[in-house]
Chemist: 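Below are the structure tokens for one structure; questions will follow.
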Amino acid sequence: MENVAKKPFLEQLIHGTNFDADSLSALQKVTLRAVVMSFLFFGLVAIEGMIMRMVQTGPINPLPEMFNHPDHYFSIMTVHPIVGIFGSTYQLVFAAFMFLVPYLTKKPLYSVKLANFVWLCITIGTAMAWIAGFIWQYAPLYTLYWPLPADFEQFSVIGAFVFVIGVALIMIGTIGFIYNIYATIFARTGVHKNKTTKELLISGFGIDGLMNLIHKLMGKPPYSKEPALSLPVVAIFRGTVDTFLDAIVILGAGILVLVYIVAHAGGLSWDVHAVDSLLYKNYFWWGLDLVADGLVLIYVAGSWYLLATIITGQKLFMENVARAALLLELFVSWMVWSHHLLADQPQPEMMKLISGEMVTAFELLTQGLALFITLVTLWKARPLKMSPELAYLLGGLVGFGLAVPAGIIQADMGLNRVLHNTQWISFAHFHIALIVGLYMTLYSALYVLWPLVTNNTKLFSKKLTWAHFWLYLIGGIGMGAFAGMAGLDGMLRRHLYVDGEFHGWMILAAIFGTMVLIAWFLFLYNIVMSVGLKGLIGIFKPANNDIATFGIEEEPEPAPAAVKA
Amino acid sequence: MFQTSLELLKFHWAAYSIYALLIISVIAWFGYNLTRKEKVKSIVRIPFYGYIAFLVAGGVGHHIFTYNAIPWVAEDIMRHEITPDRDYEIEIAKHKWKLPEEQMVANMGEKVRFNVHSHDLTYGFGLFRKDGTMVMQMQVVPKHDNDIVWTFHECGKFDLTSTEYAGPGQYDKETGEDKMFVKDALIVNCNDKFASR
């Protein structure tokens, strides 16, 4: 990655470096469309997050009075994860995988039209959910604890309706993505021409990895010398199973809320307690937890494996174990949800002990394995050049190294009693997991894929890339750490503190949060100056060629950076 | 090992901070050595299956450690077999607490059972010290028994508020003041007789 020759500011802004949107295939364009929307939503979610951080600093915050009001504050808190997780993260992950599956399998994407439908659905759905918060201040929070979402004494019916339709659109888009991925993976063309569906399924679930391990222990020849699917594709397939179940659960919850909305709008007053709140909570958390396990842990593990092999150009360390671990995670991710209900006293104790504590502890094993395998793969290939993609990958590993144990700590009956619903879990666990762990992994993938998706467009500034890296890493960890410490001092999440009760920690969190926001501005500036405004518009224009795969005949080399020094 | 949640949280603060610095340092050291041209010798060689065993032991051992070191874990699991020294039935509806007495009272060392009923939404029952630190809390789901038995190993006045979000109705629309906050909802008297049990 080199700094490009300087042009006058306006010329650079309009034309970028050497980006030519007309040269992009349909697959590249649909990938970039989702990436652009993802980073715009990231900016929105970062601004929203900063508003909440500043409100919590108390009366010293410089924000207009309206932001301190409960209706306003909690409507921001409601849409914050919707925009962040679905509008930004889902879009970025889906974009990367819709490009990677054809790239890794050497097969065309099943449908570019469906891929366009997906990013449009998620973009419109996210915008609708955000509007429901902004205009009607519908604010049941993402947990949607029954019967709060159907409490029309606190929330307007129209706000609830727009929100639910928005979330439903996101889930429909998600199911569209899943269908596209499955249809691509199971298409018997190209390298999979002679594979059976059974062979592809066995490989997709990681069963071949487990069988290879068993055969090795028994002294037999390997079950499968050449697995039908490469390891990153297995991780994508595996994560997608959880994402599908999650989409079904959230859609189901949305339909239930919709039924009550329609009844209320029709003048009927249905008893909200006809639905058991604890049963609903179990059902909802079972599905919602699959976002964490299906999306974050499995997709991230697969991304680490892919990035480590691309960066080093070597085979993955302990590949069969990695495949078997993805199979293990299938069962673990379906059985861990009860750690969200450890503070619920009517929840059966056995459910708390087995699902909430014991099975959840296996997250430490599966994610720890992924971290170890990635590190050893890198170590075996040293010396390496410290390129941005390698640095971001290490940043992602740090993020999960911090966030996973922070979550496991709370998934314990003793500690949960004093940590549940505090800022500890919000910040030391899932904000660090998402901001540092997941996003830094995704930035690494972005820099690896950049030359492939943009036809070798030069980045505007290397210095800006590194400034983004350090500001983002330090800002993300700092914000998570200080806000998490406030949680240990008793600060609750989903709670409004108007008198600055924890203002010391909140000021520190706000300072480090500002670093994340500045990092985003620098990143956006670097990208816009690389592709230019003309190129940015060109991404959204129809493609001149409708190719839905990447380089079957001629396969350009991956990112030139991070090769052996 | 731990008597109050404050002691546990202080230990946790220190232990996790040390761990966080350690993992950041390890990855930073690792990243630096990845780029060195000369052959790097590992400080420690971590065997793969030994590492797996460490992770399993860490995950399981964590629960065993807390079960033995944190007094309220066993009490929580066995609470239906415990005869409490005091029993308080509390109700909530429309973001308002209905306490059995204006001020609940207990002695240090006593086992107090709180059973909280919600008539509408999901809330949280949380007791806090004057410095804002949490004594304990539980979720309160509507139309269910939400009971907890707690032995107070500290005396003082404790405040009560909902620890779960139940809509903006918990707060004053203009000032943002927490309407479910009850100052000095519980007084725990220092009582050597009970404390020594």
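Every chain is numbered from 1, with letters handed out A, B, ... down the list of sequences.
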Chemist: Can you tell me which portion of A:Gln347 sits under 4.5 Å from chain B's heavy atoms? Options are side chain, backbone, both or neither.
Modeler: neither
Chemist: Please state whether the side chain, the backbone, both or neither of B:Phe30 comes within less than 4.5 Å of a heavy atom of chain A.
Modeler: both
Chemist: Heavy-atom distances under 4.5 Å only: say whether A:Val272 touches chain B with side chain, backbone, both or neither.
Modeler: neither
Chemist: Name the region of B:Lys94, side chain, backbone, both or neither, that has any atom closer than 4.5 Å to a heavy atom of chain A.
Modeler: side chain
Chemist: Does any heavy atom of chain B fall under 4.5 Å from the side chain of A:Phe362, the backbone, both, or neither of them?
Modeler: neither
Chemist: Relative to the ring of A:Trp424, is the ring of B:His12 parallel (under 30°), tilted (30 to 60°) or perpendicular (over 60°)?
Modeler: perpendicular
Chemist: With a 4.5 angstrom heavy-atom cut-off, could you sort out which part of A:Asp499 is near chain B: side chain, backbone, both or neither?
Modeler: neither
Chemist: Taking all atoms of both residues into account, what is the closest heavy-atom pair of A:Arg382 and B:Asn33, and its distance?
Modeler: CD-O, 4.2 Å
Chemist: To the nearest 0.5 Å, tell me how far B:Thr66 OG1 sits from A:Asp412 CG.
Modeler: 3.5 Å
Chemist: Are A:Asp344 and B:Val141 packed together at the side-chain level, in the sense that at least one heavy-atom pair is separated by less than 4.5 angstrom?
Modeler: yes
Chemist: Side chain, backbone, both or neither: which part of B:Arg129 has a non-hydrogen atom closer than 4.5 Å to chain A?
Modeler: neither
Chemist: What part of A:Ile373 is in contact with chain B, defined as an atom under 4.5 angstrom from a non-hydrogen atom: side chain, backbone, both or neither?
Modeler: side chain
Chemist: Show the atom names and distances, to 0.1 Å, of all donor-acceptor pairs under 3.5 Å that link a side chain in residues 395-405 of chain A to residues at least two apart or in another chain.
Modeler:
none

Chemist: Could you tell me which of A:Thr422, A:Asn416, A:Asp151, A:Leu365 has the largest number of non-hydrogen atom pairs under 4.5 Å with chain B?
Modeler: A:Leu365
Chemist: Return the CE to OG distance between A:Met485 and B:Ser17, rounded to the nearest 0.5 Å.
Modeler: 4.0 Å
Chemist: Could you tell me whether B:Lys173 and A:Asp71 have a side-chain N and a carboxylate O separated by less than 4.0 Å?
Modeler: yes
Chemist: Output, in order, the C-alpha distance, side-chain angles, deciding distance and verdict of side-chain hydrogen bond (donor to acceptor under 3.5 Å, both in side chains) for B:Thr163 and A:Asn421.
Modeler: CA-CA 7 Å; B:Thr163 51; A:Asn421 264 344; 4.8 Å; no
Chemist: Examine whether an atom of A:Leu375 lies under 4.5 Å from a heavy atom of chain B, and if so say whether it belongs to the side chain, the backbone or both; otherwise answer neither.
Modeler: both
Chemist: Against chain B, label A:Met318 side chain, backbone, both or neither, depending on which of its atoms sit under 4.5 Å from a heavy atom there.
Modeler: side chain
Chemist: Given that the side chain runs from C-beta out, which part of B:Val26 has a heavy atom under 4.5 Å from chain A: side chain, backbone, both or neither?
Modeler: neither
Chemist: Do A:Leu415 and B:His62 have side-chain heavy atoms sitting under 4.5 Å apart?
Modeler: yes
Chemist: Please answer whether the main-chain N or O of A:Gly414 pairs with a side-chain N or O of B:Trp72 as donor and acceptor at a distance below 3.5 Å.
Modeler: yes
Chemist: Taking every non-hydrogen pair under 4.5 Å, which of A:Leu364, A:Thr78, A:Ile409, A:Leu378 racks up the most with chain B?
Modeler: A:Ile409
Chemist: Heavy-atom distance under 4.5 Å to chain A: side chain of B:Ser118, backbone, both or neither?
Modeler: neither
Chemist: Centre-to-centre under 6.0 Å for A:Phe74 and B:Tyr171, is that the case here?
Modeler: yes
Chemist: For B:Trp13, is it the side chain, the backbone, both, or neither that has a heavy atom closer than 4.5 Å to a heavy atom of chain A?
Modeler: both
Chemist: To the nearest 0.5 Å, how far apart are CG in B:Leu55 and CD in A:Gln367?
Modeler: 11.0 Å
Chemist: Taking the inter-plane angle between the rings of A:Phe317 and B:Phe48 on a 0 to 90° scale, is it parallel (under 30°), tilted (30 to 60°) or perpendicular (over 60°)?
Modeler: perpendicular
Chemist: Where on B:Tyr123 is there a heavy atom nearer than 4.5 Å to chain A: the side chain, the backbone, both, or neither?
Modeler: neither
Chemist: Where does A:Glu357 contact chain B at under 4.5 Å (heavy atoms): side chain, backbone, both or neither?
Modeler: both
Chemist: Does a salt bridge link A:Arg417 with B:Glu75, judged by any charged N lying under 4.0 Å from a carboxylate O?
Modeler: no
Chemist: Quick check for you: to the nearest 0.5 Å, what is the distance between A:Leu371 atom CG and B:Ile27 atom CD1?
Modeler: 5.5 Å
Chemist: Where on A:Pro147 is there a heavy atom nearer than 4.5 Å to chain B: the side chain, the backbone, both, or neither?
Modeler: both
Chemist: Could you tell me which portion of A:Ala481 (side chain, backbone, both or neither) has an atom closer than 4.5 angstrom to a non-hydrogen atom of chain B?
Modeler: neither
Chemist: Between A:Val321, A:Val376, A:Val498, A:Leu141, who has the most heavy-atom pairs with chain B when the cutoff is under 4.5 Å?
Modeler: A:Leu141
Chemist: Are the side chains of B:Ile77 and A:Met413 in touch, meaning some heavy atoms are under 4.5 Å apart?
Modeler: yes
Chemist: With a 4.5 Å cut-off on side-chain heavy atoms, are A:Leu492 and B:Met134 touching?
Modeler: yes
Chemist: Got B:His144 and A:Asp276 here, is their nearest side-chain heavy-atom distance under 4.5 Å?
Modeler: yes
Chemist: With chain B, which of A:Glu501, A:Lys281, A:Lys352 has the greatest number of heavy-atom pairs at distances under 4.5 Å?
Modeler: A:Lys281
Chemist: Mind ranking A:Ala411, A:Ala139, A:Ala391 by heavy-atom pairs under 4.5 Å with chain B and telling me who comes out on top?
Modeler: A:Ala139
Chemist: Run through A:Arg493, A:His420, A:Arg494 and flag the one making a side chain to side chain donor-acceptor pair (under 3.5 Å) with B:Glu164.
Modeler: A:Arg494
Chemist: Is B:Asp145 close to A:Pro346 at the side-chain level, that is, under 4.5 Å between some pair of heavy atoms?
Modeler: no
Chemist: What about the rings of A:Tyr145 and B:Tyr165, do their centers lie closer together than 6.0 Å?
Modeler: no
Chemist: Please classify the contact of A:Phe155 with chain B as side chain, backbone, both or neither, using a heavy-atom distance under 4.5 Å.
Modeler: side chain
Chemist: Step by step, would you call A:Gln345 with B:Asn115 a side-chain hydrogen bond (donor to acceptor under 3.5 Å, both in side chains)?
Modeler: CA-CA 10 Å; A:Gln345 298 302 81; B:Asn115 192 14; over 6 Å; no
